[in-house]
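There's a structure below that I have some questions on.
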Amino acid sequence: MSEFQTLAQRQAAFMAQVLDEEAPLPTGWTARHAAGIAVYRGNYRAGLVEALKNSFERTARWVGDDAFQRAAAHHIITHPPHSWTLDDVGAGFDGTCAELFANDPEVEELAWLEWAMLEAFTAANVEPLDAARFASLTAGFGDAEWAGLRIRFLPGAAAREVRHDLRAIWNVLGEDVLEYPDAALDAPASVLVWREGERSTFMMGSAEEARAFAALDAGMAYGDLCLMLAGDAASDDEVEQAAMRAGTMLGRWLGEGLISEVGL
């Protein structure tokens, strides 16, 4: 048992050196060992930074290479990877961007979008439910069935509220010459991400749409969603208007191929 503990301690000491050049040298290490680990540390970080840059190409271009390099190094130090694959090194990078680019909040939103699109791309392959199949499945529904309807989205689909026009930002980042648009929105909106065939895609919508997506994705029934959208102490007319908005969103999701199945 002591041998395994010693091995674990040695591994921990080695990783401490890799992650933090200020960490004290392990017992018995010499200047030669310190110089060697410095080279290893540099290669280790360079590899992870490159992996991050591959995952966040548009974010890197938006903020510039120097700023991205600093953000990537900070993320690697504060969030050392634990997965067997470099593909996971970008998990939580949007949070790092929120911290480091507090005065430029669109950076965090853009990083979230890039990561969500990568997650959608690698998610399980499921055929989306089309409008004709949905109509067939719900043809005999009464009020009780509609109220209890539950919706499942495609694996990897995601949504969140944003305050910037990510479509405009995404489009300019695909141009040869980057011209920064005034992308701040007058009111919050939403961005929805999913995989369409062999590619990830996204669309913008209302802030309410992100809340609706999140509620249904967490298992809320369709009838409860309508009440949630109507708000507390809503009148019958407000509930009816909320139901109409929910129906419009449902139709849009079906048309875009975001829904995988429905049930009670």
Requested in this report: Would you name the heavy atoms of L129 and S260 that are closest together and state the gap between them?
Outcome: CB-O, 3.8 Å
Query raised in the report: Which is it for R211 and E208 under the side-chain contact (heavy atoms from CB on, under 4.5 Å) test, yes or no, and what are the steps along the way?
Result: CA-CA 5 Å; R211 296 193 295 272; E208 185 175 65; 3.7 Å; yes
**Report entry** Value rounded to 0.5 Å, distance of CD in Q241 from CG in D237
**Finding:** 5.0 Å
Query raised in the report: With a cut-off of 6.0 Å (strictly less than), are more than 12 heavy atoms of other residues, nucleotides or ligands near CZ of R167?
Result: yes
Requested in this report: Give the ring-plane orientation class for F134 versus W146, where under 30° counts as parallel, over 60° as perpendicular and anything between as tilted.
Outcome: tilted
Requested in this report: Kindly say whether L166 contributes a backbone atom to a donor-acceptor pair with the side chain of E109 at under 3.5 angstrom?
Outcome: no
Query raised in the report: Atom CG in L192, atom CE in M249: separation rounded to 0.5 Å?
Result: 10.0 Å
Query raised in the report: Has D65 got more than 12 heavy atoms of other residues, nucleotides or ligands less than 6.0 Å from its CG?
Result: yes
Query raised in the report: Do Y222 side-chain atoms and G247 backbone N/O form a donor-acceptor pair below 3.5 Å?
Result: yes
Report task. Begin with the C-alpha distance, continue with both residues' side-chain angles, and end with the deciding distance and a verdict on side-chain contact (heavy atoms from CB on, under 4.5 Å) for W170 and L113. Result -> CA-CA 10 Å; W170 193 269; L113 175 57; 3.7 Å; yes
Report summary line: Tightest non-hydrogen contact, residues S206 and S190, listed as O-OG, 2.7 Å
Report summary line: Rounded to the nearest 0.5 Å, the OG1 atom of T59 sits from the CD atom of E108 at a distance of 10.0 Å
Report summary line: Closest heavy-atom pair, A157 versus L258, reported as atoms and distance to 0.1 Å, is CB-CD2, 4.0 Å
**Report entry** Nearest-0.5 Å distance that lies between atom CE in M228 and atom CE in M220
**Finding:** 5.5 Å
Query raised in the report: Does F121 share a hydrophobic cluster with V126, counting links as ILVMFWY side-chain heavy atoms below 4.5 Å and allowing steps through other members?
Result: no
Query raised in the report: Can you list the steps and then say if V172 with E179 is a side-chain contact (heavy atoms from CB on, under 4.5 Å)?
Result: CA-CA 7 Å; V172 299; E179 296 183 2; 5.9 Å; no
Query - Flag, side chain of E114 to backbone of A111, donor-acceptor distance under 3.5 Å - result: no
Query raised in the report: Do the side chains of L110 and F93 join up, straight or via other hydrophobic residues, at under 4.5 Å, putting them in one cluster?
Result: yes
Query raised in the report: Quick one: are M203 and E209 in side-chain contact, heavy atoms under 4.5 Å?
Result: yes
Query raised in the report: Should F153 and W115 be counted in the same cluster of Ile, Leu, Val, Met, Phe, Trp and Tyr side chains packed under 4.5 Å apart?
Result: no
Report summary line: Per side chain to side chain donor-acceptor pair (under 3.5 Å), R195 is matched among N125, T122, T201 by N125
Query raised in the report: What are the two closest heavy atoms between R61 and L173, and how far apart are they?
Result: NH1-O, 2.9 Å
Requested in this report: Report yes or no: do L254 and F141 belong to one cluster of Ile/Leu/Val/Met/Phe/Trp/Tyr joined by side chain heavy-atom distances under 4.5 Å?
Outcome: yes
Report task. Look at the rings of F56 and F68 and say which category their plane angle falls in: under 30° parallel, 30 to 60° tilted, over 60° perpendicular. Result -> tilted
Query raised in the report: Going by heavy atoms in the side chains, are I76 and L52 under 4.5 Å from each other?
Result: yes
**Report entry** Evaluation steps, side-chain contact (heavy atoms from CB on, under 4.5 Å), between F101 and E106
**Finding:** CA-CA 9 Å; F101 300 96; E106 79 282 358; over 6 Å; no
Query raised in the report: Take atom CZ in R58; do more than 12 heavy atoms of anything else shown fall under 6.0 Å from it?
Result: yes
Query raised in the report: Going from CH2 on W112 to CZ on R160, what distance comes out if it is rounded to the nearest 0.5 angstrom?
Result: 6.5 Å
Requested in this report: Say whether V193 and L154 are linked into one hydrophobic cluster, either directly or through other cluster members, by side-chain heavy-atom distances under 4.5 angstrom.
Outcome: no
Query raised in the report: Considering all heavy atoms of both residues, which atom of A207 and which atom of P188 are nearest to each other, and what is their separation?
Result: CB-O, 3.6 Å
Query raised in the report: Short question: side chain of D104, backbone of V107 - any donor-acceptor pair under 3.5 Å?
Result: no
**Report entry** Expected output: side-chain S55 to main-chain A51 donor-acceptor under 3.5 Å
**Finding:** yes
**Report entry** Between CD1 on residue I259 and CG on residue L216, distance to nearest 0.5 Å
**Finding:** 8.5 Å
Report summary line: All heavy atoms of L185 vs all of V162, minimum pair found to be CD1-O, 4.4 Å
